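Just so it is clear, the model here is predicted, and its values are computed rather than measured. Note that the numbering runs from 1 along the sequence shown for the chain.
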Amino acid sequence: MTREEHFAQLVSTARAEELPPALSQAIARGLRRGRARRARRVACKCVCVMAAALVSLFVVGVNTSAGIASALSGIPVLGGVAALVQFNKSLSMAVGHNMLQNVGAQATNAGITFEVGDMLIDETGFTLFYRFVDAGGQPVNVHMAEMSLSMDGVPYQGEKSIVQLGGSEEYERMDVQLGELTAVPDLLQLSLRAFAPLGPVAAEREPPEVMPGSWDVALRIDPGKVGLASSYEAGQTFQAGGLTFQVTDIVVVPTRAIVRMQALPGPEAERFQGLQDVALWVDGAPYSQDQDGICSAHTYSPEEGLRLSYNAPSPYYERPGRKLSLHVGKALFTTPLRPFTVQGLGPTSEEGVAVLETALDAGDIALSLPVGREIGVDHDYTDAQGVLHGLLGSSAESLFDDAGNQTGLRLTLRLPAAPGPMPYVFSMQETYAVPVNVTLSLVPTP
């Protein structure tokens with residue numbers, strides 16, 4: 001029995017349970033379409049047609065029916081995929097449009113097997129649904145240290161970012177994004193090295209130990225299930241906090257929308273902390289409030305300035321006849337570093353900030369901040385004798401009144417025990433937001 005036939009049997013079994021009416025009707029329509037198409041096509045194509053209809057039901061089913069989600073757990077990899085895509089609109093849409101490739105590759109190293117069940121791939125990167133297991137088939141907690149990859153035997157030398165994401169009880173998800181658009185190969189070869197499995201001893205080891213050997217797998221790519229990239233004209237600019245941001249790249253693929261920007265170097269660029277509410281809009285409204293949200297990264301150098309990259313939920317399958325735009329809500333900056341003196345309990349030299357307690361035997365100073373105020377403390381301070389010390393860390397928690405209203409923030413600074421008499425002078429800076437609220441229309445490139 002093929003995976004698709006097994007999936008069809010599970011869907012039929014799930015129908016016997018109490019399903020939502022809309023889901024029952026969708027399943028019936030899909031099965032009728034499958035039977036009609038089977039009558040018109042030769043046998044070798046029937047399974048593919050049925051698979052397309054059933055995978056379309058797959059996204060509907062796992063989001064609305066506990067019965068189908070439970071039945072899917074009978075298929076190891078499909079069950080894992082169901083748990084991993086059910087709250088991610090971009091991945092769900094890609095799976096629902098039959099873009100999931102079953103690769104079934106594995107490799108063993110040091111008694112641990114790396115299994116890749118399924119993948120999604122496009123011209124910007126790929127997503128793996130995988131797991132590490134021991135000789136008894138039990139999941140092993142392995143964190144990757146490095147990955148090298150080759151395409152049709154040619155090593156890939158460009159930039160890449162790799163994120164290991166949480167998964168279901170058995171399977172995990174790994175997103176690999178390449179630094180530039182790349183022709184998808186027929187054969188993708190991966191070589192992974194990993195840190196030793198975490199445990200009571202390994203967790204305390206510094207630096208983490210890298211296991212000997214590697215896991216080497218070859219993934220055969222189905223060219224009919226490759227997400228082709230759609231690019232949009234770049235060059236648009238907008239202003240925020242004294243900076244001019246230029247959009248350098250906008251690419252939409254089934255699993256993500258990639259937006260890259262840049263800004264020239266300068267004092268404002270050094271204090272830049274990120275953009276908020278960055279999203280692709282469809283017909284003037286945000287496309288998705290995805291559980292995965294939006295992930296971002298930015299780098300700064302005095303030579304190149306700011307380089308920003310954002311991954312947003314992808315409206316890849318919503319494009320025909322619809323207007324796409326890029327929306328940016330606000331920009332975050334920090335104030336320049338300035339002295340912050342702690343004399344003792346009570347008000348301090350900074351307006352609105354009070355010292356709640358000092359537990360110098362434990363090395364703690366707790367501060368109270370007003371609502372809406374964010375303060376970052378540099379990781380060093382000077383004591384009353386002018387000696388520079390290192391701050392061990394900090395933590396924060398919200399403060400509430402008896403009615404449950406937030407009144408402020410408690411910021412705890414962790415100092416070395418018994419650091420000496422006060423006052424202490426810290427370097428402090430605040431984070432503030434600059435409204436942007438710009439919407440840039442996107443024009444497809446020829």
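M151 pairs in a side chain to side chain contact (heavy atoms under 4.5 Å, CB included) with only one of the listed residues (D186, L178, V184), which is L178.
Taking 4.5 Å as the limit, every side-chain heavy atom of I162 sits out of range of all side-chain heavy atoms of D175. Using a 4.5 Å heavy-atom threshold, the side chains of L219 and V217 count as touching. Side-chain contact check for E303 versus P265: every heavy-atom pair is 4.5 Å or farther apart. When side chains are defined from C-beta on, F400 does not count as touching N405, because their heavy atoms never get closer than 4.5 Å. Two residues are said to be in side-chain contact when any heavy atoms from C-beta on lie closer than 4.5 Å; D277 and K330 meet this criterion. Using a 4.5 Å heavy-atom threshold, the side chains of Y432 and L332 count as separate. Side-chain contact between P254 and Y317 is present, with heavy atoms from C-beta onward closer than 4.5 Å. The shortest distance between side-chain heavy atoms of I112 and M211 falls below 4.5 Å.
In this structure, the separation between CG on L442 and OG on S230 is 11.5 Å, given to the nearest 0.5 Å. Expressed to the nearest 0.5 Å, how far CG of L120 lies from OG1 of T255 amounts to 6.5 Å. Atom CG in L264 sits 8.5 Å away from atom CG in L243 (nearest 0.5 Å). Of the inter-residue distances, the one linking W281 atom CH2 with Y287 atom OH reads 16.0 Å to the nearest 0.5 angstrom. Summarising the geometry, atom NZ belonging to K225 is positioned 13.0 Å from atom CD1 belonging to I121; distances are rounded to the nearest 0.5 Å. Atoms CE and CG, on M99 and L91 in that order, are 12.0 Å from each other to the nearest 0.5 Å.
A side-chain donor-acceptor contact under 3.5 Å links N311 and Q177. If you check the side chains of T407 and D401, you find no donor sitting under 3.5 Å from an acceptor. The closest side-chain donor-acceptor pair between T431 and T334, if any, does not fall under 3.5 angstrom. Side-chain atoms of E430 and T335 include no donor-acceptor pair closer than 3.5 Å. A donor-acceptor contact under 3.5 angstrom links the side chains of T124 and R256, judged on distance only.
Judged purely by atom type and a 3.5 angstrom limit, Y316 has no side-chain atom pairing as donor or acceptor with the backbone of M93. No donor-acceptor distance shorter than 3.5 angstrom exists from the side chain of Q189 to the backbone of D216, with no hydrogens or angles considered. A donor-acceptor pair is defined here as one N or O able to donate and one able to accept, closer than 3.5 Å; no such pair exists between the side chain of W215 and the backbone of L190. The backbone N or O of M147 lies less than 3.5 Å from a partner atom in the side chain of K160, making a donor-acceptor pair. Using a distance-only test at 3.5 Å, with no hydrogens or angles considered, no donor-acceptor pair links the side chain of Q246 to the main chain of Q262. Judged by distance alone, with hydrogens and angles left aside, the side-chain atoms of S325 form no donor-acceptor pair with the main-chain N or O of T439 at under 3.5 Å. Using a distance-only test at 3.5 Å, with no hydrogens or angles considered, no donor-acceptor pair links the side chain of R260 to the main chain of V247.
Considering all non-hydrogen atoms of both residues, V226 and D222 come closest at CG2-O, 3.5 Å. Shortest non-hydrogen contact noted between L100 and F129 is CD1-CE1, 3.7 Å. For the pair G274 and Y310, the tightest heavy-atom approach, listed with the atom from each and the gap, is C-OH, 4.0 Å. Across A331 and F272, no two heavy atoms sit closer than the pair CB-CE1, 4.3 Å. Closest approach of Y156 to E159, counting heavy atoms only: OH-O, 2.7 Å. The two residues A257 and P315 make their nearest non-hydrogen contact at CB-CD, 4.5 Å.
Between F245 and F238, the ring-plane angle classifies as parallel under the 30° and 60° cut-offs.
Note: Y130 and F114 meet the aromatic proximity criterion, with ring centroids under 6.0 Å apart.
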>> Working note: L326 + M261, criterion side chain to side chain contact (heavy atoms under 4.5 Å, CB included); need CA distance, chi angles, decisive distance, verdict.
In response: CA-CA 12 Å; L326 172 67; M261 309 179 199; 4.3 Å; yes
>> As a quick check of understanding, evaluate side chain to side chain contact (heavy atoms under 4.5 Å, CB included) for Q138 and V140, giving each step before the final call.
In response: CA-CA 6 Å; Q138 296 301 310; V140 179; 6.0 Å; no
> What's the verdict on side chain to side chain contact (heavy atoms under 4.5 Å, CB included) for I221 and Q101, showing C-alpha distance, side-chain angles and the deciding distance?
Replying inline: CA-CA 8 Å; I221 307 303; Q101 301 198 25; 3.8 Å; yes
> Taking it one step at a time, do V438 and H327 satisfy side chain to side chain contact (heavy atoms under 4.5 Å, CB included)?
Replying inline: CA-CA 6 Å; V438 64; H327 178 80; over 6 Å; no
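A salt bridge is absent between D283 and K323: the closest approach of a Lys/Arg side-chain nitrogen to an acidic carboxylate oxygen does not fall below 4.0 angstrom.
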